[in-house]
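Take a look at the structure below.
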Protein chains: 2
Amino acid sequence: MNKTPRSPGHHSHATLASVAKRAGVSIATVSRVVNGAPVKIAATTVLAVRKAVADLDYRPQSAGRALRKGTTQIIAVLAANLGNPTMAAIASSIEHALRGNGYVMLLCDTHEQADIQDEYLREMEALRVRAVIMVVAVPSPKLDEFRQAGIPLVFVNRRDPVRSSFPYVGIDNAAAGRDVADYCLSQGWQDIAVIHASLVYSAGRERLQGFLDRLQQSGKGLHPVRQFGSSGLDHLRIGEQAMQQVLAQPVRPDVVVCLSDLLAYGAYKQASGTGLAIPHDMTLISFDDGPLNQWIAQWLSAVRIPYELIGDAVISVLTSMLDSPNEASLRLKEPVDKIIPHQLIIRG
Amino acid sequence: MNKTPRSPGHHSHATLASVAKRAGVSIATVSRVVNGAPVKIAATTVLAVRKAVADLDYRPQSAGRALRKGTTQIIAVLAANLGNPTMAAIASSIEHALRGNGYVMLLCDTHEQADIQDEYLREMEALRVRAVIMVVAVPSPKLDEFRQAGIPLVFVNRRDPVRSSFPYVGIDNAAAGRDVADYCLSQGWQDIAVIHASLVYSAGRERLQGFLDRLQQSGKGLHPVRQFGSSGLDHLRIGEQAMQQVLAQPVRPDVVVCLSDLLAYGAYKQASGTGLAIPHDMTLISFDDGPLNQWIAQWLSAVRIPYELIGDAVISVLTSMLDSPNEASLRLKEPVDKIIPHQLIIRG
DNA sequence: TAGCATAATGCAAACGTTTACATAAACCAT
DNA sequence: ATGGTTTATGTAAACGTTTGCATTATGCTA
């Protein structure tokens with residue numbers, strides 16, 4: 001007796017074998033019942049298996065399944081910065097949508113650093129996740145290799161920085177920039193400043209481009225748009241410093257357009273620390289409009305990304321990718337972007 | 001020929017077998033080298049294996065490992081609400097600490113609902129995660145069962161709601177409450193109101209208790225502390241409604257103590273929407289002090305939870321649990337709570 | 001030289017699933 | 001009755017890993 005070395009598993013969870021034994025059938029049958037396999041199974045058998053499953057509180061072990069099927073129900077979300085409320089809200093939205101579709105979200109924070117992003121991508125490959133959702137990605141070697149790896153990728157908020165061969169979900173940033181320009185023009189503001197972080201990525205670049213284009217199109221004789229900012233990771237501090245430069249100018253602009261919420265937060269702190277009343281003395285406009293703005297940043301007008309819609313949008317893109325039988329079509333097909341509507345919220 | 005059905009795995013990742021073949025050794029040897037097994041291996045062999053691993057870009061597949069060892073490197077974080085910046089910051093901190101220790105974070109949003117929490121707990125069991133970190137938990141049946149399941153649990157910010165048999169990481173909420181009371185007394189405020197959400201959980205309850213106790217101890221003849229609030233999930237809205245009630249009172253309190261940041265945000269919106277200037281007309285004090293406060297909520301004094309310390313604190317608790325050879329000691333031993341220091345930040 | 005400890009590596013089983021294939025039972029048409 | 005088809009279920013292999021045990025090669029002692 002006592003032939004149980006039982007090395008690894010501490011507590012014996014129910015397994016297919018134990019359920020099969022209890023139901024008096026083979027493990028194959030249990031598997032088929034549990035998975036609703038497309039074969040006919042006697043009603044009595046189904047009932048017996050169901051009962052055994054319930055009795056033993058059986059749940060398929062993900063490891064065995066993953067090993068056999070070569071994939072899991074895990075979908076990874078690589079976010080650049082969880083400290084950013086907009087990104088957290090997007091993550092939450094995605095989580096909700098994924099859960100509703102039987103997936104589990106694996107959320108990571110890349111801190112917008114290529115090496116961390118790569119490390120995570122490798123890890124995701126080893127975990128055999130079903131797909132990866134990049135919420136604000138940076139270019140990295142592994143990202144490029146992923147094209148070949150056959151794991152679907154979706155880019156949220158910022159487009160694929162290497163080549164646009166994977167779908168993008170987010171707002172039309174150029175159009176959003178134009179909307180802000182239109183609003184500025186409608187207000188008759190003459191002197192406009194822009195605060196930006198890095199402009200090498202699609203979101204910021206397109207926002208600025210759209211904004212400037214429309215101003216120029218207008219033909220109105222505006223003062224030249226002054227731009228402040230630097231590339232870096234901490235938008236809050238960039239915004240703060242940029243606003244410092246803005247206020248050091250001989251003449252104060254009517255409006256400062258910040259390319260993200262966090263830039264605006266940083267700018268706000270600096271401006272109000274200097275005694276300025278926002279928006280009385282100077283208007284601030286930003287992009288993103290995270291969920292907290294309406295509560296504690298009523299001084300900030302912003303282009304709203306409807307983060308609560310992102311989850312479903314990602315799911316719809318993803319399912320179309322996962323359904324395509326061969327991933328050849330996935331590569332050949334034009335990436336099917338999903339543009340979600342934005343809205344300029346005027347406050348203050 | 002063509003004997004490759006190759007049903008599941010699409011792209012052939014490197015495996016132990018392929019590495020072994022290339023290095024001219026057995027898979028056992030490769031495994032040992034890769035894992036740094038405590039056996040002597042010829043230097044030349046190690047080199048050959050290392051080379052093959054590098055050549056093929058081999059990474060151990062998590063599924064095989066999980067199946068064999070009965071556990072993974074995944075640690076789940078079940079957060080109540082990712083939309084809460086403090087919680088997001090905590091998650092980010094934990095992520096950082098876990099990654100530094102070779103774990104991967106699986107982050108979920110329970111929306112503070114027992115059924116979702118349970119569903120996730122079951123899923124984590126099936127995934128054979130190494131441990132689960134509950135950032136603000138609610139009582140649920142499965143949570144109770146976990147005590148037997150042998151999976152380590154750590155409670156952050158809110159204590160184990162069922163029985164306190166698992167460690168807690170967070171601030172000393174009662175002491176924080178007393179600190180706020182001391183500050184109010186030092187300011188000579190006579191008329192104090194409290195805004196709270198549900199009081200059935202440890203964090204809010206202890207904060208309020210400590211606060212009221214200290215006020216009473218002081219012996220000063222204060223007006224009775226008025227309490228407003230309701231139980232519910234959306235602290236923002238609860239705070240808003242509670243402030244509405246506060247302002248409907250015949251006499252306006254000197255200070256309103258909110259048991260969380262979000263409650264204060266809600267209260268702030270309502271108050272400033274009614275024309276009040278915060279903190280000139282009324283002081284607001286809250287608990288949590290999420291990372292954004294210093295930027296855009298300079299009107300809010302708050303007890304700061306040093307969220308950036310939580311990650312390391314959790315790790316230290318966790319490793320002591322994981323190191324204990326048998327989980328008997330884990331259950332018998334008094335839970336080793338980790339109290340991190342708080343600090344009352346005065347602003348405005 | 002034999003005998004034996006030690007060092008390095010290989011063999012094979014096990015972890016829990018899914019699924020192609022085999023089998024057995026039942027039915028039906030000749 | 002016979003052969004063929006359908007229906008329900010079982011058998012066994014495979015996924016990639018870790019690890020107890022067996023095996024071989026090496027060095028040392030007597």
Side-chain angles (χ1 to χ4, degrees), chain A residues 3-49 52-53 56 58-73 125-128, chain B residues 2-21 23-49 52-53 56 58-73 125-128:
Chain A
K3 54 166 299 199
T4 58
R6 183 164 278 299
S7 32
H10 317 290
H11 288 263
S12 46
H13 300 259
T15 90
L16 271 190
S18 63
V19 173
K21 191 166 157 201
R22 185 169 233 268
V25 297
S26 76
I27 61 168
T29 302
V30 178
S31 174
R32 287 191 265 254
V33 169
V34 168
N35 296 338
V39 297
K40 296 227 61 167
I41 304 192
T44 62
T45 309
V46 172
L47 245 54
V49 170
V53 165
L56 296 174
Y58 169 75
R59 261 211 154 197
Q61 300 265 339
S62 159
R65 190 174 273 190
L67 190 54
R68 171 65 217 234
K69 312 238 299 185
T71 187
T72 61
Q73 288 300 98
E125 220 171 2
L127 275 174
R128 315 217 72 151
Chain B
N2 193 13
K3 56 165 298 198
T4 59
R6 182 163 278 298
S7 33
H10 318 289
H11 289 263
S12 47
H13 299 259
T15 85
L16 272 189
S18 64
V19 174
K21 190 166 157 197
V25 297
S26 75
I27 61 168
T29 302
V30 178
S31 173
R32 287 192 264 255
V33 170
V34 168
N35 295 338
V39 296
K40 295 227 61 166
I41 304 192
T44 62
T45 310
V46 172
L47 246 54
V49 171
V53 165
L56 296 175
Y58 169 74
R59 261 211 155 198
Q61 300 265 340
S62 160
R65 191 172 271 191
L67 191 53
R68 172 65 218 229
K69 312 237 299 182
T71 187
T72 61
Q73 288 300 99
E125 221 172 1
L127 275 173
R128 312 218 73 152

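The basis for the numbers below is simple: all heavy atoms, side chains too, and nothing from hydrogens, waters or symmetry mates. Letters A, B, ... mirror the listed sequences (proteins, then strands); counts begin at 1.
- In this structure A/Ser26 satisfies the side chain to side chain donor-acceptor pair (under 3.5 Å) test together with A/Thr29, sequence neighbours excluded.
- In this structure, A/Thr15 reaches the sugar-phosphate backbone alone: every heavy-atom distance under 4.0 Å involves primed, P, OP1 or OP2 atoms, never a base.
- For A/Ala14, the side chain to side chain contact (heavy atoms under 4.5 Å, CB included) partners two or more places apart in sequence, or in a different chain, are A/Ser18, A/Leu56, A/Tyr58.
- The side chain of B/Ser31 contributes no N or O atom lying less than 4.0 Å from OP1 or OP2 of D/dT17.
- In this structure, OG1 in B/Thr72 is found 9.0 Å from CZ in B/Arg128, a value given to the nearest 0.5 Å.
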Next item on the list: Just do the side chain to side chain contact (heavy atoms under 4.5 Å, CB included) check on B/Asn35 and B/Arg65 with the steps written out, would you?
Entry: CA-CA 11 Å; B/Asn35 295 338; B/Arg65 191 172 271 191; 3.0 Å; yes
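- For A/Ser62, there are no side chain to side chain donor-acceptor pair (under 3.5 Å) partners, not counting sequence neighbours.
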Under 3.5 Å, which protein N or O atoms sit close to an N or O of nucleotides 8-12 of chain D? Give each pair with its distance.
residue	atom	partner	partner atom	Å
D/dT9	OP1	A/Thr45	OG1	2.3
D/dT9	OP2	A/Ala42	N	2.8
D/dG10	OP2	A/Ser26	N	2.7
D/dG10	OP2	A/Ser26	OG	2.9
D/dG10	OP2	A/Thr29	OG1	2.7
D/dG10	N7	A/Arg32	NH2	2.7
D/dG10	O6	A/Arg32	NH1	3.3
D/dG10	O6	A/Arg32	NH2	3.2

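- Here salt bridge (Lys or Arg N to Asp or Glu O under 4.0 Å) pairs that include residues 22-34 of chain A, with residues two or more places apart or in two chains, are A/Arg22-A/Asp55.
- Atom pair A/His13:NE2 and C/dT17:P shows a separation of 11 Å (rounding to whole Å applied).
- With distances taken from any side-chain atom of A/Leu67 to the nucleotides C/dT18, D/dT19, D/dG16, the minimum falls on D/dG16.
- At a cut-off of 3.5 angstrom, the base of D/dT18 holds at least one donor-acceptor pair with the side chain of B/Arg68.
- As a whole-Å value, the separation of A/Leu16 CG from C/dC15 C1' is 12 Å.
- Atom P of nucleotide C/dG16 and atom NZ of A/Lys21 are separated by 14 Å, given to the nearest angstrom.
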Using atom types as modelled, flag every donor-acceptor pair under 3.5 Å from a side chain in residues 37-49 of chain A to any protein atom, sequence neighbours excluded.
none

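- One can place NZ of B/Lys69 at 17 Å from C1' of C/dA13, the figure rounded to the nearest angstrom.
- Under the rule for a side chain to side chain contact (heavy atoms under 4.5 Å, CB included), the partners of A/Glu125 that lie at least two apart in sequence or sit in another chain are A/Lys142, A/Phe146, A/Ala149, A/Ile151, B/His13.
- From one end of the helix from C/dT1-D/dA30 to C/dT30-D/dA1 to the other, with five pairs defining each end axis, the axis direction shifts by 60° (rounded to 10°).
- The CD atom of B/Gln61 sits 12 Å away from the P atom of D/dC15 (whole-angstrom rounding).
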